[in-house]
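Working notes, structure below.
In what follows, chains are A, B, ... by sequence order, proteins preceding strands, each numbered from 1.
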Number of protein chains: 4
Amino acid sequence: MGRIAGSDGARTAAAIRRAGLRLIHRRGYEAMGLRELAAEVGIRPASLYNHIGSKQELLFDLIHEHMAALLASATAALEEAPPRAPARLRAFVLHHVAYHLGRKAEVFVANFELRALEPPGYERIVAQRRAYEAMLVALLEQGVEEGAFRIPDSRVAAYAILAMLTGTCTWYRPDGRLSRAQVAAIHAAMVLRSCGYAEGGEE
Amino acid sequence: MGRIAGSDGARTAAAIRRAGLRLIHRRGYEAMGLRELAAEVGIRPASLYNHIGSKQELLFDLIHEHMAALLASATAALEEAPPRAPARLRAFVLHHVAYHLGRKAEVFVANFELRALEPPGYERIVAQRRAYEAMLVALLEQGVEEGAFRIPDSRVAAYAILAMLTGTCTWYRPDGRLSRAQVAAIHAAMVLRSCGYAEGGEE
Amino acid sequence: MGRIAGSDGARTAAAIRRAGLRLIHRRGYEAMGLRELAAEVGIRPASLYNHIGSKQELLFDLIHEHMAALLASATAALEEAPPRAPARLRAFVLHHVAYHLGRKAEVFVANFELRALEPPGYERIVAQRRAYEAMLVALLEQGVEEGAFRIPDSRVAAYAILAMLTGTCTWYRPDGRLSRAQVAAIHAAMVLRSCGYAEGGEE
Amino acid sequence: MGRIAGSDGARTAAAIRRAGLRLIHRRGYEAMGLRELAAEVGIRPASLYNHIGSKQELLFDLIHEHMAALLASATAALEEAPPRAPARLRAFVLHHVAYHLGRKAEVFVANFELRALEPPGYERIVAQRRAYEAMLVALLEQGVEEGAFRIPDSRVAAYAILAMLTGTCTWYRPDGRLSRAQVAAIHAAMVLRSCGYAEGGEE
DNA sequence: CATGAATGAGATTTCATTCAT
DNA sequence: TATGAATGAAATCTCATTCAT
């Protein structure tokens with residue numbers, strides 16, 4: 001009934017988030033029960049509420065933090081990249097793929113459980129997604145201005161590229177035949193070509 | 001209690017499938033309640049079981065039929081296409097995009113609710129997906145053999161292409177600025193280029 | 001799982017209302033659990049919802065029906081009464097006391113659980129209470145006009161009288177020393193005197 | 001920081017009782033949560049237990065103290081009153097009404113939440129209530145012996161009078177048209193008349 | 001074919017309370 | 001004295017499903 005010797009609030013909270021992410025990834029937000037989550041963490045269901053406001057709030061926090069980290073990380077990656085669009089696009093793709101393949105659970109949750117978010121939080125996440133998409137759109141338009149890319153519709157192209165890149169999470173296995181870097185490189189090449197950019201002296 | 005005059009079993013069954021598809025699309029399989037479905041159809045929950053075996057079976061049927069129709073339709077599209085790989089890939093892409101954009105609900109359900117399928121049916125659907133993917137993989141390898149495509153890994157490329165194409169369903173709006181054919185054409189161009197095939201003067 | 005042979009919806013619904021009334025009376029609305037109610041009725045908690053919309057709705061229905069019956073019954077009693085105010089007031093009191101003592105549970109619930117009603121229903125019950133109070137206020141004012149009663153404030157007097165009369169429910173025991181009619185008669189005399197009406201020839 | 005040891009604790013305990021009384025009055029004992037109470041006081045729920053034994057004990061204390069104060073106050077009022085029954089009854093009524101109208105929350109809690117008291121404490125409060133009722137019964141019987149009152153059943157009359165007087169708490173508003181003294185006077189007149197005592201020159 | 005009624009299981013969340021710190 | 005964390009129990013209510021009618 002009282003505090004178990006050695007228990008630690010911060011550790012429990014982190015365990016809840018970790019287990020919650022894994023369970024939502026594996027079974028879906030609706031399908032995951034809080035009994036299940038509590039059992040995974042090693043506490044009783046009622047104790048969850050010492051650390052989360054509600055199931056919905058847990059979902060929001062998980063997605064929100066992932067998106068915030070993604071935005072920050074992508075921004076940093078672009079800041080370090082060279083100024084010309086093709087190199088920047090390559091940097092963006094390499095970063096996106098490597099980052100996503102290292103966070104499959106977060107990516108699934110952030111993409112497939114968006115619809116489970118209720119209005120107050122839903123809009124905030126959508127705004128974050130828009131900001132991320134805007135980074136790529138701007139990049140593509142820069143390339144078009146530079147004359148490096150041939151793209152009929154930069155918004156459509158951005159969506160197509162993001163879908164392609166994020167799709168890696170559905171089939172990639174860390175213990176498979178390809179490393180994350182290899183997958184990233186393959187996609188970088190495909191993306192640049194899909195934008196009409198002929199790499200190296202090939203053209 | 002009895003049958004309402006003029007009611008028609010087949011029509012009711014079809015209505016259930018239609019409403020089920022829409023509701024699963026809108027809210028997710030787990031989140032859709034059978035009460036909700038029954039209400040949408042205009043019958044009582046218990047009556048659903050005169051037309052479906054179970055909620056799980058309804059989901060399987062919906063996905064299975066979609067996949068079967070997709071396979072048949074894609075096969076037919078390729079049969080009508082010219083023999084060389086670039087033209088066939090173009091035909092495949094145009095068909096995939098147009099077909100998917102006309103069936104957004106089915107596509108969402110078949111892709112995002114796969115995890116809600118239980119083992120007996122799950123494997124069957126996965127087999128169908130593999131068969132569809134195999135069509136594209138074969139096509140890409142044909143192009144490589146013909147010397148028309150430069151692709152480091154045809155399986156990875158197939159996944160990347162399918163993710164890009166299917167991703168259209170997440171943002172396309174029928175009443176938007178682009179027609180389905182336009183979106184299909186944009187993607188056909190991107191896909192062919194991403195395979196290292198230079199359109200226009202190179203062909 | 002299916003319908004138990006001999007089960008009857010109307011009978012179950014009535015049993016729920018009867019048991020609900022008794023339990024709310026005995027333990028209070030908040031303190032009564034739906035498990036308890038279901039057990040009393042002989043069904044499982046989930047089955048309650050085939051007959052009630054919610055716990056709150058059950059409470060409202062119980063109170064609403066009691067108030068409606070009380071209003072109708074009191075109106076009928078006054079219609080049969082002679083025209084002069086003292087006789088009418090006597091009739092009102094006799095009716096009120098006899099009616100209330102025969103329905104102690106309903107009276108308790110309608111008076112003490114009013115605060116548990118949520119806004120939509122709360123106002124409707126308050127309106128019914130006001131209508132009932134208005135009957136007595138009108139009666140007292142009629143008596144004042146006739147010169148039979150001496151009352152400084154008819155609204156205060158009405159509240160005082162109703163409190164006195166309804167209070168009988170808190171101590172009356174059907175198996176006690178006094179019959180309902182005797183209690184009613186005692187209160188009729190007290191009420192009439194409290195209004196300054198000297199019975200008979202002032203005795 | 002210079003705080004006098006204990007002064008904070010006593011203040012906190014008093015704040016808990018004050019807030020507890022208000023919350024139980026407003027929402028009922030069962031409906032009031034200790035989280036709510038703690039929030040009102042500005043501490044965490046666990047800290048409540050440094051000041052109260054349990055929720056049940058808090059309820060008992062609140063009621064017990066109210067009843068003790070009421071008994072003491074009424075006893076004092078009667079000690080100062082003249083010896084004859086009518087004057088004493090008038091004094092009792094004036095005191096009861098004025099005292100109650102100044103303590104509506106305590107009165108509600110002591111009357112409507114009695115049923116929430118568990119056996120050990122319940123009996124003690126009931127004994128206090130009996131003692132208070134006995135004061136009035138004795139007074140009425142004194143009046144009958146003096147020939148001043150005509151009462152068929154002094155116990156029933158006592159209950160009726162107390163119900164009437166205490167009922168004032170349900171409708172009286174301090175900012176309304178009548179002062180507490182006026183309400184008390186109106187009721188004193190009604191009570192005396194209801195006992196068959198004709199005031200002023202009527203006798 | 002449709003349905004009312006019933007149900008076991010479980011949903012998320014709150015309850016009062018405890019206890020080590 | 002105050003509190004964060006934990007808990008058993010229970011809260012109301014929904015779930016998919018069944019079956020006699």
Q.
Rounded to whole Å, please give me the gap between CD1 in D:I16 and P in F:dT3.
A. 11 Å
Side-chain N or O of [X] closer than 4.0 Å to phosphate OP1/OP2 of [N]:
| X | N | answer |
| --- | --- | --- |
| C:T12 | E:dA5 | no |
| C:R44 | E:dG8 | yes |
| C:S47 | E:dA5 | no |

Applying side chain to side chain contact (heavy atoms under 4.5 Å, CB included), can you list everything that pairs with [X], at least two apart in sequence or on another chain?
| X | value |
| --- | --- |
| A:A31 | A:R27, B:E30 |
| B:E57 | B:S54 |
| A:A68 | A:Q128 |

Q.
Using a strict heavy-atom distance below 4.0 Å, which residues from residues 25-42 of chain D are in contact with DNA chain F?
A.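 When residues 25-42 of chain D is checked for heavy atoms under 4.0 Å from DNA chain F, there are no hits whatsoever.
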Q. Quick one, which residues of residues 113-124 of chain B touch DNA chain F with a heavy atom under 4.0 Å?
A. none
[atom1] of [X] to [atom2] of [Y]: how many Å apart, nearest 0.5 Å?
| X | Y | atom1 | atom2 | answer |
| --- | --- | --- | --- | --- |
| C:R129 | C:I63 | CZ | CD1 | 9.0 Å |
| C:I125 | C:H64 | CD1 | NE2 | 6.5 Å |
| C:L23 | C:L37 | CG | CG | 6.0 Å |

Q.
For C:G33, is there any backbone N or O sitting under 3.5 Å from a side-chain donor or acceptor partner on C:E36?
A.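 Present.
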Q: Would you list the pairs meeting salt bridge (charged side-chain N to carboxylate O under 4.0 Å, His left out) in which at least one residue belongs to residues 39-52 of chain B, sequence neighbours left out?
A: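 As it turns out, the salt bridge (charged side-chain N to carboxylate O under 4.0 Å, His left out) pairs with a partner in residues 39-52 of chain B, which skip direct neighbours, are B:R22-B:E40.
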Considering only distance and modelled atom types, tabulate donor-acceptor pairs under 3.5 Å from the side chains of residues 45-52 of chain A, sequence neighbours left out.
none

Q: Identify, with sequence neighbours excluded, every residue that meets side chain to side chain donor-acceptor pair (under 3.5 Å) alongside D:E106.
A: none
(Q) Please list, in numerical order, the residues of residues 51-60 of chain B that have a heavy atom closer than 4.0 Å to any atom of DNA chain E. (A) B:H51
Q: Taking only the side-chain heavy atoms of D:Y49 (C-beta and beyond), determine which of F:dT14, E:dG4, E:dA16 contains the nearest atom.
A: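 Of the candidates, E:dA16 comes closest.
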Q | Nucleotide nearest A:A46 (side chain, heavy atoms from C-beta), chosen from F:dT3, E:dT7, F:dT7 | A | F:dT7
(Q) Please determine whether a side-chain nitrogen of the Lys or Arg among A:R115 and B:E113 lies less than 4.0 Å from a carboxylate oxygen of the Asp or Glu. (A)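 The answer is yes: the pair qualifies as a salt bridge.
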Q: List in chain and number order the residues that pass salt bridge (Lys or Arg N to Asp or Glu O under 4.0 Å) with D:E118, two or more places apart in sequence or in another chain; answer none if no residue qualifies.
A: none
Q | ring-ring contact (aromatic ring centres under 6.0 Å, His included): pairs with one or both residues in residues 16-48 of chain C, sequence neighbours excluded | A | C:H25-C:F108
Q. Closer to the 5' end of DNA chain E via nearest nucleotide, is it C:L48 or B:N50?
A. B:N50
Q) Where are the stems of DNA chain E, defined as at least 3 consecutive Watson-Crick or wobble G-U pairs with both distances under 3.5 Å? A)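 Stems found: E:2-21 with F:2-21.
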